[in-house]
Amino acid sequence: MFRKAVLCVAVVVLLSVPAMGRVQIFGPLSVEVPSGWTAERQGSVTVIKNAGENASVSVAVNSKGEATLTDITERLYVQMNGTGLEQDEDGDYTFQFESLAGTESFAIITDSGDGRYILISVTGYKNENVQEDLDAIVDSLDWNE
């Protein structure tokens, strides 16, 4: 009887844990990719997507050149027809925009600390079916340089 109880508890615990992803590395960037999602490098951009849900996270790393992070953010904000521009206490910027496919999206712009900036675009975040996965992807992003 005890064995069956322990087995039942173990099965319930295992089924309640979200599907763990696999860590993939793209140059200095590592990301945990959830089950059912794909990740690939497309030129200078890393794209993690779930085609079935029209959701994705894109990470681009580019040189700042002589521009400040504020200059770059303002330029991207205008180019992407952004709304709701905010800067957090760490100096990172966020704003919302509509993707080319018409999906509500948001951008995060941060300084990599080595003369480059990182642009993270999250598309499909209002889709309740993928919100947890999108949060996990963004939280797992790690800059290893």
Side-chain angles (χ1 to χ4, degrees), residues 6-145:
V6 170
L7 181 60
C8 286
V9 169
V11 168
V12 169
V13 168
L14 287 173
L15 292 176
S16 66
V17 175
M20 292 302 194
R22 63 200 179 285
V23 173
Q24 290 187 280
I25 299 172
F26 299 92
L29 177 72
S30 65
V31 60
E32 188 169 336
V33 181
S35 179
W37 290 68
T38 60
E40 65 183 1
R41 188 76 178 211
Q42 297 177 355
S44 64
V45 179
T46 301
V47 179
I48 305 100
K49 63 183 175 180
N50 180 329
E53 297 293 346
N54 196 26
S56 66
V57 176
S58 300
V59 182
V61 181
N62 296 299
S63 172
K64 290 191 321 187
E66 298 298 317
T68 66
L69 190 62
T70 301
D71 296 336
I72 292 165
T73 300
E74 289 172 353
R75 187 173 39 228
L76 290 168
Y77 183 75
V78 169
Q79 288 174 351
M80 297 165 81
N81 295 316
T83 61
L85 179 62
E86 295 181 11
Q87 184 178 24
D88 68 16
E89 64 276 356
D90 294 327
D92 299 333
Y93 290 93
T94 59
F95 62 84
Q96 293 79 40
F97 67 98
E98 191 173 287
S99 73
L100 295 175
T103 306
E104 292 184 64
S105 307
F106 72 88
I108 304 166
I109 299 98
T110 188
D111 194 320
S112 68
D114 62 356
R116 297 181 286 183
Y117 71 94
I118 303 169
L119 168 62
I120 303 168
S121 301
V122 180
T123 300
Y125 71 96
K126 292 211 173 180
N127 180 338
E128 291 180 11
N129 295 329
V130 295
Q131 284 178 348
E132 189 174 316
D133 283 344
L134 288 169
D135 288 343
I137 291 166
V138 171
D139 289 345
S140 78
L141 291 171
D142 199 9
W143 188 249
N144 303 307
E145 229 178 46

Say you draw a straight line from [atom1] of [X] to [atom2] of [Y]; how long is it, rounded to the nearest 0.5 Å?
| X | Y | atom1 | atom2 | value |
| --- | --- | --- | --- | --- |
| Leu134 | Asn129 | CG | CG | 11.0 Å |
| Ile48 | Leu141 | CD1 | CG | 6.0 Å |
| Ser30 | Asp142 | OG | CG | 4.5 Å |
| Glu86 | Gln96 | CD | CD | 7.0 Å |
| Ile25 | Thr46 | CD1 | OG1 | 11.5 Å |
| Asp135 | Tyr125 | CG | OH | 11.5 Å |

Which heavy atom of [X] sits nearest to which heavy atom of [Y], and what is that distance?
| X | Y | result |
| --- | --- | --- |
| Gly82 | Phe97 | CA-CB, 4.3 Å |
| Ser121 | Met80 | OG-CE, 4.3 Å |
| Ile72 | Ala67 | CG1-CB, 3.9 Å |
| Pro34 | Arg22 | O-NH1, 4.0 Å |
| Gly124 | Val130 | O-CG2, 3.6 Å |
| Ile137 | Glu32 | CG1-O, 4.0 Å |

Side chain [X], main chain [Y], donor-acceptor under 3.5 Å:
| X | Y | result |
| --- | --- | --- |
| Arg75 | Tyr77 | no |
| Asp71 | Thr68 | yes |
| Ser105 | Thr103 | yes |

**OP:** Could you tell me whether the side chain of Thr94 reaches within less than 4.5 Å of the side chain of Asp88, counting heavy atoms only?
**Re:** no

Original post:
Heavy atoms, side chains only, cut-off 4.5 Å: are Val47 and Phe26 in contact?
Top reply: no

Expected list for residues 56-65: side-chain donor-acceptor pairs under 3.5 angstrom, two or more places apart:
{"unit_1": "Asn62", "atom_1": "ND2", "unit_2": "Tyr117", "atom_2": "OH", "d": "3.4"}
{"unit_1": "Ser63", "atom_1": "OG", "unit_2": "Gly65", "atom_2": "N", "d": "3.0"}
{"unit_1": "Lys64", "atom_1": "NZ", "unit_2": "Asp111", "atom_2": "OD2", "d": "2.6"}

Subject >> Within 6.0 angstrom of Gln42 CD, more than 12 heavy atoms from elsewhere >> reply: yes

Subject >> salt bridge (charged side-chain N to carboxylate O under 4.0 Å, His left out): pairs with one or both residues in residues 89-109, sequence neighbours excluded >> reply: Glu104-Lys126

Original post:
side-chain hydrogen bond (donor to acceptor under 3.5 Å, both in side chains) with Thr83: which residues, sequence neighbours excluded?
Top reply: none

**OP:** Check the pair Thr73 / Leu85 against side chain to side chain contact (heavy atoms under 4.5 Å, CB included), numbers first and verdict last.
**Re:** CA-CA 9 Å; Thr73 300; Leu85 179 62; 3.7 Å; yes

**OP:** Scan Ile109, Val45, Thr110 and name whichever one has a side chain to side chain contact (heavy atoms under 4.5 Å, CB included) with Leu119.
**Re:** Ile109

